[in-house]
Amino acid sequence: MTLSAPAAPPPASRHRDPYGVGLAYRFTVHREALAHRDEIDLLEISTEDYIVRERRTYADPDERLLREALSAFPCVAHGLSLSIGTVGEPPGHYLDATNRLLAETGMEVFSEHLAFHRVDGDDLTMFLAIPFEEAAVKWVAENYRFVRSRLGRPFALENVTYPFPVPHCPLDEAGFLRRVCEETDCTLLLDVTNVFNNSRNHGYDPVEFFERLPMERVSQMHLAGGFQHPNGRWEDSHSAPVMDEVWPLFDEAVRRAVNVRAIILERDSSLQPFDSVMDDLRKAREIFYSHRPLAAPFREDLPPIADGIPAPDPLAEDYAGLRGYQRALMGRIAKPAFREAYRENAEQAALEYGLADSVWLRRLADGDERSMRYFESSWDEFAKEDEEVAKEYEQREWAQWAEQLGRGGW
Ligand SMILES: [Fe+2]
Ligand SMILES: [Fe+2]
């Protein structure tokens with residue numbers, strides 16, 4: 001990322017430890033956010049908007065809006081592309097770009113998702129559950145330590161919604177989150193809407209879920225709107241007001257999370273009338289400040305971050321089953337030839353990815369079929385769209401050359 005002709009970067013202390021209730025920043029409501037400065041304590045900046053070239057060009061080409069937002073509000077940063085659960089090479093380019101952005105903006109608080117969505121360069125762009133078992137805990141912990149060292153700061157991990165839990169795993173979601181916290185010094189970004197949706201979609205009690213989490217590790221929370229599909233499935237669409245059922249859960253979560261510092265309301269679309277966003281924000285403020293009128297002391301006790309912690313080895317024996325599972329799962333979604341082979345003889349096909357372990361084979365075979373079909377068809381659709389865009393681009397280039405030639409410009 002290059003902040004073009006940056007004005008003096010905002011003092012780092014401004015973004016060191018934002019406290020209160022704020023908004024996930026969307027450039028489409030830049031003016032509205034500024035107009036409500038007295039009620040919005042902080043903004044969450046999606047780092048993706050500034051490290052993916054196309055998105056930056058679309059959102060804020062000269063980064064003027066970003067600079068204004070940074071000087072008007074304390075800001076925290078939220079990433080999207082880490083895929084910390086992927087047993088594979090780390091996304092070096094993404095980590096470098098994130099580092100640059102954080103350094104240039106002075107933002108200090110960072111968070112990412114506890115999920116996996118990318119395998120061997122294929123990115124599903126939808127979060128999948130990491131298998132809730134010990135090899136995955138070990139991988140996430142090792143990868144967390146590596147990324148923390150690379151970013152030079154601890155960061156929070158967000159619980160995500162997932163279409164189905166990987167079957168035949170010894171832990172459940174709360175147990176997995178707890179184990180990750182035991183093995184790392186990460187904090188949690190607790191997305192309360194995600195807890196609500198997962199609890200309805202996968203049949204667990206959300207308050208008992210809080211009970212089993214180390215709630216003192218929650219440093220940030222998300223709240224978002226959503227809806228229920230006619231098929232019964234709940235979705236966090238980020239396009240509607242926070243659902244009625246989520247508010248009491250949010251209240252319960254804030255009451256328990258004694259160290260929480262930042263609450264972020266996420267709304268990606270249907271941002272007008274902006275009053276409907278502000279209604280949710282005001283409700284969240286009322287609940288937050290009723291429990292947490294004063295900030296808990298900032299965590300000064302964190303161990304120093306060691307430099308140069310190596311990336312975990314994806315080829316290590318400990319991760320063979322998990323890696324094979326992830327590669328074969330993505331093969332079923334993204335590789336038509338593998339799909340075909342898998343349908344004919346699953347065991348034989350899985351060998352292509354070194355997957356021979358019977359437990360992992362069962363986890364792969366018994367994954368939710370409806371979701372798998374949905375992923376397959378979305379992938380094919382995206383691939384077709386990509387092809388059409390590429391073709392259109394090529395045709396446009398040819399047309400430009402032809403025009404140049406016609407004008408004798410060559
Ligand atoms: Fe998120
Ligand atoms: Fe979220």
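All ligand and atom numbering here is 1-based and tracks the order in the structure.
Smallest separation of non-hydrogen atoms from Ser111 and His78: OG-ND1, 2.7 Å.
Looking only at its N/O/S atoms, Glu266 has OE1 as the one nearest to the Fe ion (ligand 2). When the N, O or S atoms of Asp191 are ranked by distance to the Fe ion (ligand 2), OD2 comes first.
Backbone or side-chain N, O or S atoms of His222 do not reach the Fe ion (ligand 1) at under 2.8 Å.
With the Fe ion (ligand 1) as the vertex, OE1 of Glu158 and NE2 of His113 span 90° to the nearest 10°.
When each of Val109, Leu66, Leu42, Leu43 is paired with Cys75, the side-chain contact (heavy atoms from CB on, under 4.5 Å) condition holds for Leu43 and for no other.
When only modelled atom types and interatomic distance are considered, Tyr319 and Glu142 share a side-chain donor-acceptor pair under 3.5 Å.
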*Would Arg267 and Ser276 satisfy side chain to side chain contact (heavy atoms under 4.5 Å, CB included), going step by step from the backbone distance to the final call?*
CA-CA 10 Å; Arg267 181 92 70 97; Ser276 98; 3.2 Å; yes
